[in-house]
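Everything below concerns the one structure shown next.
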Amino acid sequence: MNTDDFIYDFDAPDSDWNFEPSRADLFRQIDAPLYTTDADGWLTFYNDAAAQLWGFRPVLGKARWCGSWRLFESDGTALPHDLSPMAMTLREGRLCRGLQIGLERPDGSRMAFMPYPTALRDGRGAVIGGCNILLKVERASLRVAFRNPLQGRPTLRAAQRADMHRCSA
């Protein structure tokens with residue numbers, strides 16, 4: 001192969017050369033409900049799947065900790081947004097995994113889901129925001145009206161009181 005036959009153009013590349021999509025562009029491509037917050041918990045982004053799960057589109061910068069209309073423990077008690085897994089993750093820097101909670105949409109329908117909030121950190125380790133992916137619980141037996149506690153799963157509030165809230169340091 002004769003390399004003299006190749007022509008190289010080292011002038012300015014096309015506008016799409018070395019294109020790196022934004023974080024929002026990447027998150028829009030994820031099918032699962034996902035949202036991000038700033039370090040204080042104010043929503044900065046959510047994808048269409050999150051809006052569909054929540055049943056409405058919260059205003060960015062005005063909704064805090066979560067875009068859900070209302071949150072519930074698995075036993076049906078109300079869960080204030082400032083005690084949500086995302087709030088705990090941002091305030092305490094812990095990962096909360098394996099929790100099942102419920103949300104209520106503005107139309108009154110309820111859905112069970114499992115949140116997976118993660119603190120986003122800068123190069124020094126300071127929390128600069130959060131990202132949460134929400135996994136819908138599709139099994140009908142777990143999607144009930146959140147009246148009875150699930151076997152083997154303490155409620156988030158009970159776990160917090162026992163200082164074992166299924167979160168890791």
Side-chain angles (χ1 to χ4, degrees), residues 13-74 79-146 150 153 155-156 159 165-169:
D14 294 338
S15 62
D16 62 345
W17 184 82
N18 201 19
F19 172 75
E20 185 174 327
S22 70
R23 182 175 57 197
D25 290 335
L26 294 173
F27 285 167
R28 276 189 203 95
Q29 297 174 25
I30 297 174
D31 291 336
L34 177 129
Y35 68 93
T36 61
T37 69
D38 64 13
D40 295 321
W42 298 102
L43 262 65
T44 57
F45 171 83
Y46 57 86
N47 64 7
D48 289 335
Q52 186 176 14
L53 177 71
W54 297 329
F56 78 111
R57 292 187 170 275
V59 178
L60 295 178
K62 302 234 183 226
R64 194 169 189 198
W65 307 121
C66 181
S68 301
W69 187 258
R70 290 192 178 121
L71 294 173
F72 293 91
E73 298 272 2
S74 59
L79 176 64
H81 280 70
D82 63 342
L83 295 178
S84 69
M86 177 58 96
M88 290 173 33
T89 297
L90 290 176
R91 277 200 221 116
E92 301 173 16
R94 301 187 198 203
L95 295 176
C96 296
R97 302 289 189 253
L99 299 170
Q100 180 178 306
I101 58 178
L103 65 82
E104 182 177 86
R105 297 178 180 120
D107 66 4
S109 61
R110 290 185 176 187
M111 170 66 75
F113 70 98
M114 296 178 75
Y116 287 86
T118 303
L120 303 175
R121 300 177 184 276
D122 64 11
R124 295 170 300 174
V127 174
I128 58 169
C131 179
N132 199 356
I133 191 161
L134 311 173
L135 304 179
K136 294 184 278 186
V137 176
E138 297 288 342
R139 293 179 285 171
S141 64
L142 298 178
R143 216 176 49 198
V144 193
F146 305 101
L150 299 172
R153 289 192 183 258
T155 64
L156 181 61
H165 42 358
R166 296 179 92 124
C167 298
S168 60

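For the residue pair Ala119 and Thr89, the shortest heavy atom distance occurs at N-CG2, 3.6 Å. The shortest non-hydrogen separation linking Leu79 to Ser84 is CD2-CA, 4.4 Å. Considering all non-hydrogen atoms of both residues, Pro85 and Pro115 come closest at CG-CG, 3.7 Å. Across every non-hydrogen atom of Met88 and Leu83, the tightest pair is SD-O, 3.9 Å. Here the shortest heavy-atom pairing between Gly41 and Leu90 reads CA-CD1, 3.6 Å. Listed here is the closest heavy atom pair of Asp82 and Ala87: O-CB, 3.4 Å.
Leu60 is listed as a side-chain neighbour of Tyr46, based on a closest heavy-atom distance under 4.5 Å. Side-chain contact between Met114 and Ile101: absent, with no pair of heavy atoms (C-beta onward) separated by less than 4.5 Å. By the 4.5 Å heavy-atom criterion applied to side chains, Pro106 and Trp54 are not counted as neighbours. Inter-residue side-chain proximity for Phe72 and Arg110 is flagged as met; some heavy-atom pair is nearer than 4.5 Å. Proximity of Arg70 to Leu103: side-chain heavy atoms (C-beta onward) are nowhere separated by under 4.5 Å. At least one side-chain heavy atom of Arg97 sits less than 4.5 Å from a side-chain heavy atom of Thr118. Side-chain contact between Leu53 and Lys136: present, with at least one pair of heavy atoms (C-beta onward) separated by less than 4.5 Å. Considering only heavy atoms from C-beta on, Cys66 stays 4.5 Å or farther from Met86 through its side chain.
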- Would Trp65 and Tyr35 satisfy ring pair (Phe, Tyr, Trp, His ring centres under 6.0 Å), going step by step from the backbone distance to the final call? CA-CA 10 Å; Trp65 307 121; Tyr35 68 93; over 10 Å; no
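Atoms CG and CG, from Leu43 and Asp38 in turn, are 9.0 Å apart once rounded to the nearest 0.5 Å. Asp107 CG to Trp69 CH2: the interatomic distance, rounded to the nearest 0.5 Å, is 10.5 Å. Taking OH from Tyr116 and SG from Cys96, the interatomic distance works out to 11.5 Å, rounded to the nearest 0.5 Å.
At distances below 3.5 Å, not a single donor-acceptor pair connects side-chain atoms of Asp40 with backbone N or O atoms of Trp42. Judged purely by atom type and a 3.5 angstrom limit, Asn47 uses its side chain to pair as donor or acceptor with the backbone of Ile30.
Side-chain contact annotation: Thr44 with Thr37, donor-acceptor N/O pair under 3.5 Å absent.
Residue pairs meeting the salt bridge (Lys or Arg N to Asp or Glu O under 4.0 Å) criterion with at least one partner in residues 52-66, sequence neighbours excluded, are Asp48-Arg57.
The number of heavy-atom neighbours closer than 6.0 Å to CG of Asp31, taken from other residues, nucleotides and ligands shown, is 12 or below.
Figure legend: Arg105 and Phe56 shown without cation-pi pairing, the cationic atom not lying both under 6.0 angstrom from the six-membered ring centre and within 45 degrees of its axis.
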